[in-house]
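The block underneath contains the structure these notes are about, expressed in structure tokens.
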Amino acid sequence: MNVRIASQRPIGVFDSGVGGLTVLRALRRRFPGESFLYLGDTARLPYGTKSAATVQRYALNAARHLEEHGVRLLVVACNTASSYALPELAAASSVPVVGVVEPGVRAALALGVRRIGVLGTEGTIRSGSYQSTLAALDGRPEVRAAACPLFVPLAEEGWGDHPVTDQVARHYLAPLLRWRVQALILGCTHYPLLRPSLERVAGPDVHLVDSASAVADAVAASFGDTESAGSGEVHIHLTDASDHFLRVARMILEAPPGHLEVVTLPQA
Ligand code: DGL
């Protein structure tokens, strides 16, 4: 008989800042009874322009903080941290760790297309994480990648449906569109917020792959025999609470974020 054990411990979700709330939003829709503890390392973002060693150190600090606060699972919502630090996080954590790269790759492969493009921060693209995961899971599709450093500030400005974003997207996507890309993986927490502009520029024949719901599938798989008995509450820990965070958080969650606390992370 399959014995199910209820857990009241929250799911930990970690991002460099506010963008990971797009992943939290998908997780809450999928698991409304779960409690969540979201950590945004807002004092040290962006991660996307930093070296692998620095991102690894920051991510380990964040994971330790969430473990000390009793999470039963760690979702690394930040693509840059997933790209640079997932093995280190898995080795250092006593709870299961779920990153965003493999779920995003699986969602793209499920489309059965032959030409896949990856959009991400400089760090994510430089790490080659999406390219190598795609090659490891299915060597058939061709893959090309583009770093899109201006997308994060445009998303944070709330310009997801804006002529300036269209123009920037045309610049970044031009080589991929010339190559007749069939699916674009949105390999950054912020890019789902740019969907209206990206859809317009990419056109109706290109699939936009947002890994958030694929991450929810991966979380469901890692639950195993543990089911939820949480309160459904969301607690948000930030390393810096600025008006900026609150404004963008409200935009993503479509509600003011509750239970907010400023924290200092343990150093590795
Ligand atoms: N969260 C980061 C990511 O998904 C984007 C923002 C940053 O550069 O810190 O890669």
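Heavy atoms only: backbone and side chains are in, while hydrogens, waters and symmetry mates are out. Atoms within each ligand, like the ligands themselves, are counted from 1 in listed order.
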Quick one: table the atom pairs, ligand 1 N or O against protein N or O, below 3.5 Å, distance rounded to 0.1 Å.
{"residue": "ligand 1", "atom": "1 (N)", "partner": "Asp15", "partner atom": "OD1", "Å": "2.8"}
{"residue": "ligand 1", "atom": "1 (N)", "partner": "Ser16", "partner atom": "OG", "Å": "3.1"}
{"residue": "ligand 1", "atom": "1 (N)", "partner": "Thr189", "partner atom": "OG1", "Å": "3.0"}
{"residue": "ligand 1", "atom": "4 (O)", "partner": "Asn79", "partner atom": "N", "Å": "3.0"}
{"residue": "ligand 1", "atom": "4 (O)", "partner": "Asn79", "partner atom": "ND2", "Å": "3.4"}
{"residue": "ligand 1", "atom": "4 (O)", "partner": "Thr189", "partner atom": "N", "Å": "3.1"}
{"residue": "ligand 1", "atom": "4 (O)", "partner": "Thr189", "partner atom": "OG1", "Å": "3.2"}
{"residue": "ligand 1", "atom": "8 (O)", "partner": "Tyr47", "partner atom": "N", "Å": "3.4"}
{"residue": "ligand 1", "atom": "8 (O)", "partner": "Gly48", "partner atom": "N", "Å": "2.8"}
{"residue": "ligand 1", "atom": "9 (O)", "partner": "Ser16", "partner atom": "OG", "Å": "2.6"}
{"residue": "ligand 1", "atom": "9 (O)", "partner": "Tyr47", "partner atom": "N", "Å": "2.7"}
{"residue": "ligand 1", "atom": "10 (O)", "partner": "Thr80", "partner atom": "N", "Å": "3.1"}
{"residue": "ligand 1", "atom": "10 (O)", "partner": "Thr80", "partner atom": "OG1", "Å": "2.6"}

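- Between His69 and His235, a ring centre-to-centre spacing not shorter than 6.0 Å is recorded.
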Does the pair Ser83 and Ser129 meet the rule for a side chain to side chain donor-acceptor pair (under 3.5 Å), with working shown?
CA-CA 5 Å; Ser83 295; Ser129 62; 2.7 Å; yes
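- Side-chain contact of Asn79 with Tyr47: a donor-acceptor pair under 3.5 Å is absent, judged by distance alone.
- Side chains of Leu86 and Val97 form a contact here, defined as non-hydrogen atoms less than 4.5 Å apart.
- A heavy-atom distance below 4.5 Å is found between the side chains of Asn61 and Gln267.
- Ring pair Phe151/Tyr172 is perpendicular by interplanar angle, where above 60° counts as perpendicular and below 30° as parallel.
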